[in-house]
S.K.: 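Below you will find the structure I want to go over with you.
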2 protein chains.
Amino acid sequence: MDQPSRSAGTVRPGGRTARVRAAVMEATQDELVEHGFHGLTMDQVAARAGVGKTTVYRRWGSRAGLVADLMTELANQSTPHADTGGVEDDLRANALSVLGAITDGRLGATFQAVIAAATSDQQAAAALRSFYLRRIEEWANVVELAVKRGELPEGTDGGEVIRAISAPLYYRLVVTREPVTREHAEHSVSRTLAAARAGAFVVRETPEGS
Amino acid sequence: MDQPSRSAGTVRPGGRTARVRAAVMEATQDELVEHGFHGLTMDQVAARAGVGKTTVYRRWGSRAGLVADLMTELANQSTPHADTGGVEDDLRANALSVLGAITDGRLGATFQAVIAAATSDQQAAAALRSFYLRRIEEWANVVELAVKRGELPEGTDGGEVIRAISAPLYYRLVVTREPVTREHAEHSVSRTLAAARAGAFVVRETPEGS
DNA sequence: TCCTTAATGGAATGAAAGTTCCGTTAAAAT
DNA sequence: ATTTTAACGGAACTTTCATTCCATTAAGGA
(Lines give C-alpha, C1' and ligand atoms only; values in the text may rest on other atoms or scores of the structure.)
Protein backbone atom coordinates (compact mmCIF):
# COMPACT_ATOMS: atom_id res chain seq x y z
CA MET A 1 0.00 0.00 0.00
CA ASP A 2 1.42 3.31 -1.03
CA GLN A 3 -1.58 5.46 -0.50
CA PRO A 4 -2.07 6.07 3.18
CA SER A 5 -4.77 8.63 2.51
CA ARG A 6 -8.13 6.94 2.68
CA SER A 7 -9.84 10.11 3.60
CA ALA A 8 -7.23 11.14 6.12
CA GLY A 9 -7.67 10.18 9.71
CA THR A 10 -10.45 7.65 9.87
CA VAL A 11 -8.96 5.40 12.49
CA ARG A 12 -8.29 7.84 15.25
CA PRO A 13 -10.71 10.73 14.97
CA GLY A 14 -9.46 12.05 18.26
CA GLY A 15 -8.95 15.74 18.72
CA ARG A 16 -5.47 16.08 17.37
CA THR A 17 -5.99 14.26 14.11
CA ALA A 18 -9.11 16.24 13.33
CA ARG A 19 -7.39 19.46 14.25
CA VAL A 20 -4.49 18.72 11.96
CA ARG A 21 -6.80 17.90 9.10
CA ALA A 22 -8.78 21.09 9.51
CA ALA A 23 -5.62 23.16 9.69
CA VAL A 24 -4.19 21.57 6.56
CA MET A 25 -7.39 21.95 4.55
CA GLU A 26 -7.59 25.55 5.62
CA ALA A 27 -3.98 26.21 4.70
CA THR A 28 -4.42 24.48 1.37
CA GLN A 29 -7.29 26.77 0.43
CA ASP A 30 -5.36 29.82 1.51
CA GLU A 31 -2.41 28.80 -0.61
CA LEU A 32 -4.65 28.11 -3.58
CA VAL A 33 -6.21 31.54 -3.33
CA GLU A 34 -2.80 33.15 -3.23
CA HIS A 35 -0.76 31.08 -5.66
CA GLY A 36 -3.10 28.78 -7.55
CA PHE A 37 -2.49 25.08 -8.03
CA HIS A 38 0.81 25.60 -9.73
CA GLY A 39 2.14 27.49 -6.73
CA LEU A 40 0.89 25.00 -4.19
CA THR A 41 3.63 23.12 -2.36
CA MET A 42 3.52 20.57 0.40
CA ASP A 43 6.19 22.58 2.10
CA GLN A 44 4.22 25.78 2.29
CA VAL A 45 1.00 24.08 3.26
CA ALA A 46 2.68 22.30 6.15
CA ALA A 47 4.33 25.48 7.33
CA ARG A 48 1.13 27.49 7.08
CA ALA A 49 -0.92 24.86 8.83
CA GLY A 50 1.67 24.66 11.56
CA VAL A 51 2.17 20.94 11.18
CA GLY A 52 5.15 18.83 10.21
CA LYS A 53 5.47 18.25 6.52
CA THR A 54 6.01 14.60 7.22
CA THR A 55 2.38 14.51 8.28
CA VAL A 56 1.17 16.16 5.13
CA TYR A 57 3.06 13.69 2.98
CA ARG A 58 1.90 10.71 4.97
CA ARG A 59 -1.76 11.63 4.93
CA TRP A 60 -2.20 13.26 1.55
CA GLY A 61 0.75 12.07 -0.47
CA SER A 62 0.82 14.90 -2.99
CA ARG A 63 -0.56 18.26 -3.99
CA ALA A 64 -3.23 16.52 -6.00
CA GLY A 65 -4.16 14.52 -2.93
CA LEU A 66 -4.73 17.73 -1.06
CA VAL A 67 -7.04 19.25 -3.60
CA ALA A 68 -8.84 15.97 -4.10
CA ASP A 69 -9.58 15.79 -0.40
CA LEU A 70 -10.71 19.38 -0.47
CA MET A 71 -13.11 18.54 -3.28
CA THR A 72 -14.48 15.62 -1.30
CA GLU A 73 -15.13 17.92 1.59
CA LEU A 74 -17.02 20.31 -0.66
CA ALA A 75 -19.08 17.41 -1.97
CA ASN A 76 -20.23 16.66 1.54
CA GLN A 77 -21.27 20.24 2.06
CA SER A 78 -23.34 20.47 -1.12
CA THR A 79 -26.97 21.28 -0.66
CA PRO A 80 -30.03 19.51 -2.10
CA HIS A 81 -31.82 20.84 -5.19
CA ALA A 82 -34.33 23.64 -5.00
CA ASP A 83 -38.05 23.03 -5.31
CA THR A 84 -39.88 26.25 -5.94
CA GLY A 85 -42.72 24.68 -7.86
CA GLY A 86 -41.63 26.05 -11.25
CA VAL A 87 -38.79 24.94 -13.53
CA GLU A 88 -37.60 28.37 -14.36
CA ASP A 89 -37.10 29.32 -10.74
CA ASP A 90 -35.54 25.98 -9.93
CA LEU A 91 -33.07 26.27 -12.78
CA ARG A 92 -32.35 29.84 -11.86
CA ALA A 93 -31.58 28.71 -8.34
CA ASN A 94 -29.13 26.22 -9.79
CA ALA A 95 -27.48 28.78 -12.03
CA LEU A 96 -27.13 31.24 -9.19
CA SER A 97 -25.70 28.56 -6.97
CA VAL A 98 -23.03 27.84 -9.57
CA LEU A 99 -22.43 31.53 -10.07
CA GLY A 100 -22.02 32.03 -6.37
CA ALA A 101 -19.54 29.20 -6.13
CA ILE A 102 -17.27 30.29 -8.95
CA THR A 103 -17.55 33.95 -8.03
CA ASP A 104 -16.58 33.41 -4.41
CA GLY A 105 -12.86 33.99 -4.06
CA ARG A 106 -12.18 31.00 -1.90
CA LEU A 107 -14.44 28.48 -3.60
CA GLY A 108 -13.66 29.76 -7.06
CA ALA A 109 -9.94 29.37 -6.50
CA THR A 110 -10.50 25.87 -5.21
CA PHE A 111 -12.56 24.81 -8.20
CA GLN A 112 -10.05 26.20 -10.63
CA ALA A 113 -7.24 24.50 -8.78
CA VAL A 114 -8.94 21.14 -8.92
CA ILE A 115 -9.74 21.61 -12.58
CA ALA A 116 -6.10 22.37 -13.22
CA ALA A 117 -4.92 19.46 -11.12
CA ALA A 118 -7.28 17.10 -12.90
CA THR A 119 -5.66 17.78 -16.25
CA SER A 120 -2.59 15.87 -15.13
CA ASP A 121 -3.58 13.82 -12.14
CA GLN A 122 -5.94 10.88 -11.96
CA GLN A 123 -6.82 11.27 -8.31
CA ALA A 124 -7.88 14.86 -8.74
CA ALA A 125 -9.75 13.96 -11.92
CA ALA A 126 -11.73 11.28 -10.11
CA ALA A 127 -12.63 13.61 -7.27
CA LEU A 128 -13.73 16.25 -9.73
CA ARG A 129 -15.86 13.96 -11.85
CA SER A 130 -17.45 12.41 -8.82
CA PHE A 131 -18.32 15.79 -7.38
CA TYR A 132 -20.02 17.09 -10.50
CA LEU A 133 -21.82 13.91 -11.47
CA ARG A 134 -23.27 13.78 -8.00
CA ARG A 135 -24.36 17.36 -8.22
CA ILE A 136 -25.83 16.95 -11.69
CA GLU A 137 -27.77 13.93 -10.55
CA GLU A 138 -29.13 15.83 -7.59
CA TRP A 139 -30.37 18.76 -9.66
CA ALA A 140 -31.64 16.64 -12.51
CA ASN A 141 -34.60 16.02 -10.25
CA VAL A 142 -35.95 19.49 -10.83
CA VAL A 143 -36.34 18.59 -14.49
CA GLU A 144 -38.07 15.33 -13.67
CA LEU A 145 -40.51 17.26 -11.55
CA ALA A 146 -41.05 19.79 -14.33
CA VAL A 147 -41.85 17.01 -16.77
CA LYS A 148 -44.35 15.57 -14.36
CA ARG A 149 -45.96 18.96 -14.01
CA GLY A 150 -46.15 19.19 -17.78
CA GLU A 151 -43.80 22.15 -18.00
CA LEU A 152 -41.32 20.32 -20.19
CA PRO A 153 -41.72 17.62 -22.86
CA GLU A 154 -41.84 14.00 -21.85
CA GLY A 155 -38.44 12.35 -22.13
CA THR A 156 -36.41 15.48 -21.44
CA ASP A 157 -32.96 14.53 -20.21
CA GLY A 158 -32.55 16.16 -16.80
CA GLY A 159 -28.82 15.62 -16.49
CA GLU A 160 -28.21 17.25 -19.84
CA VAL A 161 -30.34 20.23 -18.96
CA ILE A 162 -28.37 20.78 -15.77
CA ARG A 163 -25.09 20.45 -17.65
CA ALA A 164 -26.37 22.99 -20.16
CA ILE A 165 -27.04 25.47 -17.37
CA SER A 166 -23.54 25.26 -15.93
CA ALA A 167 -21.54 24.84 -19.12
CA PRO A 168 -21.57 28.46 -20.35
CA LEU A 169 -20.54 29.71 -16.91
CA TYR A 170 -17.61 27.34 -16.58
CA TYR A 171 -16.69 28.02 -20.18
CA ARG A 172 -16.22 31.68 -19.39
CA LEU A 173 -14.45 30.90 -16.16
CA VAL A 174 -11.79 28.52 -17.39
CA VAL A 175 -11.70 28.70 -21.16
CA THR A 176 -12.19 32.26 -22.33
CA ARG A 177 -11.49 33.55 -18.82
CA GLU A 178 -14.07 36.29 -19.15
CA PRO A 179 -15.97 37.66 -16.16
CA VAL A 180 -19.07 35.74 -15.13
CA THR A 181 -21.97 37.77 -13.87
CA ARG A 182 -25.55 37.33 -12.79
CA GLU A 183 -26.60 38.31 -16.27
CA HIS A 184 -24.78 35.34 -17.74
CA ALA A 185 -26.48 33.06 -15.27
CA GLU A 186 -29.86 34.42 -16.29
CA HIS A 187 -29.09 34.03 -19.96
CA SER A 188 -27.97 30.49 -19.42
CA VAL A 189 -31.31 29.69 -17.82
CA SER A 190 -33.47 31.32 -20.46
CA ARG A 191 -31.54 29.79 -23.34
CA THR A 192 -31.48 26.32 -21.89
CA LEU A 193 -35.15 26.59 -21.09
CA ALA A 194 -35.98 27.73 -24.60
CA ALA A 195 -34.18 24.71 -26.04
CA ALA A 196 -35.77 22.36 -23.51
CA ARG A 197 -39.27 23.62 -24.28
CA ALA A 198 -38.58 23.08 -27.96
CA GLY A 199 -37.81 19.47 -27.15
CA ALA A 200 -34.11 19.69 -27.90
CA PHE A 201 -33.27 17.78 -24.74
CA VAL A 202 -35.58 14.86 -25.42
CA VAL A 203 -33.67 11.62 -25.71
CA ARG A 204 -34.56 9.79 -28.88
CA GLU A 205 -31.99 7.06 -28.87
CA THR A 206 -33.07 3.82 -30.51
CA PRO A 207 -35.10 4.57 -33.64
CA GLU A 208 -37.40 1.64 -32.85
CA GLY A 209 -39.96 3.89 -31.17
CA SER A 210 -43.18 2.50 -32.70
CA MET B 1 13.53 44.24 -20.09
CA ASP B 2 12.93 40.94 -18.42
CA GLN B 3 10.99 39.25 -21.12
CA PRO B 4 13.29 38.22 -23.89
CA SER B 5 10.55 36.27 -25.58
CA ARG B 6 8.86 38.52 -28.09
CA SER B 7 7.78 35.62 -30.16
CA ALA B 8 11.12 33.91 -29.99
CA GLY B 9 13.61 34.49 -32.76
CA THR B 10 12.43 37.47 -34.70
CA VAL B 11 15.74 39.06 -35.36
CA ARG B 12 17.63 36.20 -36.93
CA PRO B 13 15.20 33.87 -38.61
CA GLY B 14 18.11 31.96 -40.05
CA GLY B 15 18.05 28.21 -40.24
CA ARG B 16 19.33 27.42 -36.77
CA THR B 17 17.04 29.71 -34.83
CA ALA B 18 14.00 28.43 -36.66
CA ARG B 19 15.12 24.86 -36.22
CA VAL B 20 15.56 25.34 -32.48
CA ARG B 21 12.15 26.89 -32.15
CA ALA B 22 10.46 24.08 -34.03
CA ALA B 23 12.26 21.46 -31.96
CA VAL B 24 11.31 23.14 -28.69
CA MET B 25 7.65 23.56 -29.63
CA GLU B 26 7.55 19.95 -30.71
CA ALA B 27 9.17 18.76 -27.50
CA THR B 28 6.83 20.91 -25.43
CA GLN B 29 3.79 19.28 -26.98
CA ASP B 30 5.24 15.84 -26.48
CA GLU B 31 5.88 16.54 -22.85
CA LEU B 32 2.39 17.94 -22.38
CA VAL B 33 0.86 14.83 -23.88
CA GLU B 34 2.86 12.64 -21.54
CA HIS B 35 2.87 14.55 -18.28
CA GLY B 36 0.45 17.43 -18.56
CA PHE B 37 1.29 20.99 -17.58
CA HIS B 38 2.18 20.06 -14.04
CA GLY B 39 4.82 17.65 -15.28
CA LEU B 40 6.29 20.08 -17.79
CA THR B 41 9.81 21.23 -16.97
CA MET B 42 12.23 23.42 -18.84
CA ASP B 43 14.83 20.79 -18.19
CA GLN B 44 12.98 17.99 -19.91
CA VAL B 45 11.88 20.13 -22.79
CA ALA B 46 15.44 21.23 -23.50
CA ALA B 47 16.73 17.69 -23.27
CA ARG B 48 14.00 16.32 -25.51
CA ALA B 49 14.43 19.06 -28.06
CA GLY B 50 18.14 18.47 -28.07
CA VAL B 51 18.96 22.09 -27.25
CA GLY B 52 20.71 23.70 -24.33
CA LYS B 53 18.36 24.65 -21.56
CA THR B 54 19.98 28.04 -21.45
CA THR B 55 18.35 28.64 -24.79
CA VAL B 56 14.95 27.64 -23.57
CA TYR B 57 15.20 29.97 -20.62
CA ARG B 58 16.44 32.84 -22.68
CA ARG B 59 13.78 32.58 -25.33
CA TRP B 60 10.72 31.46 -23.39
CA GLY B 61 11.48 32.32 -19.81
CA SER B 62 9.16 29.84 -18.14
CA ARG B 63 6.85 26.90 -18.63
CA ALA B 64 3.97 29.28 -19.03
CA GLY B 65 5.94 31.07 -21.73
CA LEU B 66 6.26 27.82 -23.61
CA VAL B 67 2.57 27.03 -23.58
CA ALA B 68 1.67 30.61 -24.35
CA ASP B 69 3.85 30.52 -27.44
CA LEU B 70 2.33 27.21 -28.40
CA MET B 71 -1.10 28.75 -28.13
CA THR B 72 -0.04 31.65 -30.29
CA GLU B 73 1.15 29.22 -32.90
CA LEU B 74 -2.18 27.44 -32.86
CA ALA B 75 -3.93 30.77 -33.26
CA ASN B 76 -2.00 31.39 -36.44
CA GLN B 77 -2.97 28.01 -37.81
CA SER B 78 -6.67 28.45 -37.11
CA THR B 79 -8.90 28.31 -40.14
CA PRO B 80 -11.60 30.76 -41.22
CA HIS B 81 -15.26 30.07 -40.52
CA ALA B 82 -17.31 27.77 -42.71
CA ASP B 83 -19.87 29.07 -45.16
CA THR B 84 -22.12 26.29 -46.34
CA GLY B 85 -25.09 28.50 -46.97
CA GLY B 86 -27.09 27.25 -43.99
CA VAL B 87 -26.68 28.01 -40.28
CA GLU B 88 -27.13 24.50 -39.11
CA ASP B 89 -24.34 23.18 -41.29
CA ASP B 90 -22.11 26.11 -40.43
CA LEU B 91 -22.63 25.60 -36.73
CA ARG B 92 -22.12 21.89 -37.10
CA ALA B 93 -18.84 22.57 -38.84
CA ASN B 94 -17.84 24.67 -35.87
CA ALA B 95 -18.87 22.05 -33.35
CA LEU B 96 -17.02 19.33 -35.22
CA SER B 97 -13.97 21.52 -35.46
CA VAL B 98 -13.97 21.95 -31.71
CA LEU B 99 -14.63 18.27 -31.22
CA GLY B 100 -11.76 17.40 -33.48
CA ALA B 101 -9.42 19.69 -31.60
CA ILE B 102 -10.20 18.44 -28.12
CA THR B 103 -10.42 14.83 -29.23
CA ASP B 104 -7.05 14.85 -30.93
CA GLY B 105 -4.47 13.59 -28.48
CA ARG B 106 -1.89 16.21 -29.22
CA LEU B 107 -4.12 19.23 -29.53
CA GLY B 108 -6.38 18.14 -26.72
CA ALA B 109 -3.46 17.80 -24.35
CA THR B 110 -2.21 21.20 -25.38
CA PHE B 111 -5.53 22.89 -24.77
CA GLN B 112 -5.91 21.28 -21.39
CA ALA B 113 -2.39 22.25 -20.47
CA VAL B 114 -2.95 25.87 -21.36
CA ILE B 115 -6.23 25.89 -19.49
CA ALA B 116 -4.44 24.50 -16.45
CA ALA B 117 -1.59 26.96 -16.82
CA ALA B 118 -4.01 29.86 -17.14
CA THR B 119 -5.49 29.19 -13.71
CA SER B 120 -2.30 30.40 -12.11
CA ASP B 121 -0.36 32.31 -14.72
CA GLN B 122 -1.22 35.62 -16.32
CA GLN B 123 0.75 35.12 -19.50
CA ALA B 124 -0.94 31.81 -20.25
CA ALA B 125 -4.30 33.30 -19.35
CA ALA B 126 -3.81 36.14 -21.81
CA ALA B 127 -2.78 33.79 -24.60
CA LEU B 128 -5.77 31.61 -23.92
CA ARG B 129 -8.30 34.42 -23.83
CA SER B 130 -6.87 35.98 -26.92
CA PHE B 131 -7.04 32.71 -28.82
CA TYR B 132 -10.64 32.01 -28.02
CA LEU B 133 -11.95 35.52 -28.42
CA ARG B 134 -10.39 35.65 -31.83
CA ARG B 135 -11.90 32.35 -32.76
CA ILE B 136 -15.31 33.31 -31.43
CA GLU B 137 -15.22 36.52 -33.37
CA GLU B 138 -14.31 34.67 -36.53
CA TRP B 139 -17.16 32.21 -36.26
CA ALA B 140 -19.70 34.74 -35.09
CA ASN B 141 -19.89 35.71 -38.72
CA VAL B 142 -21.84 32.61 -39.61
CA VAL B 143 -24.58 33.86 -37.33
CA GLU B 144 -24.52 37.30 -38.89
CA LEU B 145 -24.95 35.68 -42.27
CA ALA B 146 -27.78 33.53 -40.99
CA VAL B 147 -29.58 36.59 -39.69
CA LYS B 148 -29.21 38.27 -43.06
CA ARG B 149 -30.63 35.19 -44.73
CA GLY B 150 -33.54 35.32 -42.34
CA GLU B 151 -32.71 32.01 -40.68
CA LEU B 152 -32.32 33.53 -37.26
CA PRO B 153 -34.05 36.45 -35.53
CA GLU B 154 -32.74 39.95 -36.00
CA GLY B 155 -30.39 40.96 -33.19
CA THR B 156 -29.13 37.46 -32.43
CA ASP B 157 -25.78 37.67 -30.66
CA GLY B 158 -23.33 35.74 -32.80
CA GLY B 159 -20.57 35.57 -30.24
CA GLU B 160 -22.91 34.13 -27.66
CA VAL B 161 -24.21 31.52 -30.06
CA ILE B 162 -20.70 30.35 -30.82
CA ARG B 163 -19.85 30.23 -27.14
CA ALA B 164 -22.97 28.18 -26.55
CA ILE B 165 -21.86 25.67 -29.15
CA SER B 166 -18.46 25.10 -27.55
CA ALA B 167 -19.38 25.40 -23.91
CA PRO B 168 -20.98 21.97 -23.37
CA LEU B 169 -18.04 20.27 -25.05
CA TYR B 170 -15.42 22.01 -22.95
CA TYR B 171 -17.57 21.48 -19.90
CA ARG B 172 -17.37 17.74 -20.38
CA LEU B 173 -13.69 17.92 -21.24
CA VAL B 174 -12.38 19.87 -18.27
CA VAL B 175 -15.11 19.99 -15.64
CA THR B 176 -16.94 16.69 -15.51
CA ARG B 177 -14.17 15.00 -17.46
CA GLU B 178 -16.60 12.82 -19.35
CA PRO B 179 -15.92 11.57 -22.86
CA VAL B 180 -16.86 13.93 -25.68
CA THR B 181 -18.24 12.38 -28.83
CA ARG B 182 -19.72 13.39 -32.12
CA GLU B 183 -23.13 12.90 -30.61
CA HIS B 184 -22.44 15.60 -28.05
CA ALA B 185 -21.34 17.93 -30.78
CA GLU B 186 -24.57 17.32 -32.66
CA HIS B 187 -26.65 17.86 -29.57
CA SER B 188 -24.86 21.06 -28.85
CA VAL B 189 -25.75 22.33 -32.30
CA SER B 190 -29.39 21.35 -32.21
CA ARG B 191 -29.93 22.72 -28.71
CA THR B 192 -28.22 25.99 -29.39
CA LEU B 193 -30.08 26.35 -32.63
CA ALA B 194 -33.41 25.67 -30.95
CA ALA B 195 -32.71 28.40 -28.42
CA ALA B 196 -31.48 30.78 -31.11
CA ARG B 197 -34.58 30.27 -33.25
CA ALA B 198 -36.71 30.94 -30.21
CA GLY B 199 -34.95 34.29 -29.91
CA ALA B 200 -33.09 33.45 -26.70
CA PHE B 201 -29.89 34.92 -28.09
CA VAL B 202 -31.39 38.22 -29.13
CA VAL B 203 -29.87 41.12 -27.33
CA ARG B 204 -32.66 43.30 -26.13
CA GLU B 205 -30.78 45.90 -24.20
CA THR B 206 -32.42 49.18 -24.96
CA PRO B 207 -36.16 48.63 -25.51
CA GLU B 208 -36.25 51.20 -28.26
CA GLY B 209 -36.77 48.66 -31.06
CA SER B 210 -39.82 50.39 -32.68
C1' DT C 1 35.53 35.09 -48.39
C1' DC C 2 35.98 37.53 -44.07
C1' DC C 3 34.03 39.90 -40.19
C1' DT C 4 30.66 41.07 -36.75
C1' DT C 5 27.61 39.62 -33.41
C1' DA C 6 23.26 37.28 -32.37
C1' DA C 7 22.26 32.96 -30.65
C1' DT C 8 23.50 28.65 -28.76
C1' DG C 9 24.88 25.12 -25.21
C1' DG C 10 28.03 22.69 -21.76
C1' DA C 11 28.82 23.08 -17.15
C1' DA C 12 28.70 25.02 -12.58
C1' DT C 13 25.82 26.99 -8.89
C1' DG C 14 22.18 27.47 -5.60
C1' DA C 15 17.66 27.22 -3.98
C1' DA C 16 13.56 24.76 -3.30
C1' DA C 17 10.83 20.93 -2.77
C1' DG C 18 10.25 15.88 -2.14
C1' DT C 19 11.42 11.97 0.90
C1' DT C 20 12.81 9.38 4.85
C1' DC C 21 14.65 8.39 9.69
C1' DC C 22 13.50 8.06 14.21
C1' DG C 23 12.39 9.97 18.64
C1' DT C 24 8.14 12.19 20.75
C1' DT C 25 3.28 12.99 21.67
C1' DA C 26 -1.23 11.91 22.78
C1' DA C 27 -5.51 9.10 21.55
C1' DA C 28 -7.71 4.89 22.87
C1' DA C 29 -7.72 0.60 25.25
C1' DT C 30 -7.09 -2.07 29.53
C1' DA D 1 -3.63 4.95 36.28
C1' DT D 2 -1.07 2.39 33.04
C1' DT D 3 -0.16 0.51 28.64
C1' DT D 4 -0.32 0.32 23.78
C1' DT D 5 0.27 2.21 19.45
C1' DA D 6 -1.45 5.41 15.88
C1' DA D 7 -0.11 9.73 14.49
C1' DC D 8 2.92 13.55 14.68
C1' DG D 9 7.09 16.47 13.70
C1' DG D 10 12.11 18.04 13.84
C1' DA D 11 15.91 17.41 11.12
C1' DA D 12 18.83 15.29 7.87
C1' DC D 13 19.14 13.69 3.18
C1' DT D 14 18.37 13.54 -1.88
C1' DT D 15 16.71 14.94 -6.02
C1' DT D 16 15.19 18.07 -9.16
C1' DC D 17 14.84 22.16 -11.32
C1' DA D 18 15.76 27.17 -12.08
C1' DT D 19 19.45 30.29 -13.09
C1' DT D 20 23.88 32.13 -14.70
C1' DC D 21 28.79 32.15 -16.66
C1' DC D 22 31.37 32.08 -20.58
C1' DA D 23 33.37 29.78 -24.49
C1' DT D 24 31.64 28.25 -29.08
C1' DT D 25 28.89 28.32 -33.27
C1' DA D 26 26.84 30.03 -37.28
C1' DA D 27 23.65 33.65 -39.52
C1' DG D 28 23.80 37.93 -42.07
C1' DG D 29 26.28 41.72 -43.96
C1' DA D 30 30.55 43.94 -46.09
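A, B, ... follow the sequence lines: proteins, then strands. Residue 1 opens every chain. Treat the numbers as computed from the prediction; the structure is a model and nothing was measured. Just so it is clear, the values below take in all heavy atoms, side chains as well, and ignore hydrogens, waters and symmetry mates.
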S.K.: What is the distance from CZ of B/R59 to C1' of D/dT19, rounded to the nearest Å?
M.R.: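 Those two atoms, CZ and C1', are 18 Å apart.
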
S.K.: How many Å lie between CZ on B/R58 and P on C/dG9, as a whole number?
M.R.: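 It works out to 9 Å between those atoms.
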
S.K.: Check side chain to side chain donor-acceptor pair (under 3.5 Å) between A/R106 and all other residues, then give those that pass, not counting sequence neighbours.
M.R.: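 A/E26, A/Q29, A/D30.
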
S.K.: Contacts to DNA chain C from residues 28-56 of chain A, heavy-atom cutoff under 4.0 Å, which residues?
M.R.: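 Nucleic-acid contacts, sorted: A/T41, A/M42, A/D43, A/K53, A/T54.
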
S.K.: Take the protein atom CH2 of B/W60 and the nucleotide atom C1' of C/dT8, then report the distance between them rounded to whole Å.
M.R.: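 Computing the B/W60:CH2 to C/dT8:C1' distance gives 11 Å.
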
S.K.: Suppose we screen for side chain to side chain donor-acceptor pair (under 3.5 Å). Which residues come up paired with B/S78, at least two apart in sequence or across chains?
M.R.: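 Counting only residues at least two positions away or on another chain, B/S78 forms no side chain to side chain donor-acceptor pair (under 3.5 Å).
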
S.K.: Between the side chains of A/S190 and A/H187, is a donor N or O closer than 3.5 angstrom to an acceptor N or O?
M.R.: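 A/S190 vs A/H187: no donor-acceptor pair found between side chains.
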
S.K.: Nearest 0.5 Å, what's the CG-CD1 distance between B/L173 and B/I102?
M.R.: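 The distance works out to 5.0 Å.
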
S.K.: Any donor-acceptor pair under 3.5 Å linking the side-chain atoms of A/R135 with those of A/S97?
M.R.: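 Yes.
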
S.K.: Of B/V114, B/V24, B/T110, which is the lone residue that meets side chain to side chain contact (heavy atoms under 4.5 Å, CB included) with B/L70?
M.R.: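 Among B/V114, B/V24, B/T110, the one meeting side chain to side chain contact (heavy atoms under 4.5 Å, CB included) with B/L70 is B/T110.
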
S.K.: Using the side-chain heavy atoms of A/Y57, tell me which of these nucleotides is nearest: D/dC8, D/dT20, C/dG18.
M.R.: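 Of D/dC8, D/dT20, C/dG18, C/dG18 is nearest to the side chain of A/Y57.
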
S.K.: So, using ring pair (Phe, Tyr, Trp, His ring centres under 6.0 Å) as the criterion, who are the partners of B/Y170 when residues are at least two apart?
M.R.: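 Only A/Y171, B/Y132 meet the ring pair (Phe, Tyr, Trp, His ring centres under 6.0 Å) criterion with B/Y170.
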
S.K.: Going by the salt bridge (Lys or Arg N to Asp or Glu O under 4.0 Å) test, which pairs reach into residues 110-134 of chain A, not counting sequence neighbours?
M.R.: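 Sorted pair list comes back empty.
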
S.K.: Bend angle of the helix from C/dT1-D/dA30 to C/dT30-D/dA1 from five-pair axes at both ends, rounded to 10°?
M.R.: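 The end axes of the helix from C/dT1-D/dA30 to C/dT30-D/dA1 are about 40° apart, to the nearest 10°.
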
S.K.: Within this structure, what is the CZ-to-C1' distance between A/R21 and D/dA7, rounded to whole angstrom?
M.R.: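 Nearest whole value for this atom pair: 15 Å.
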
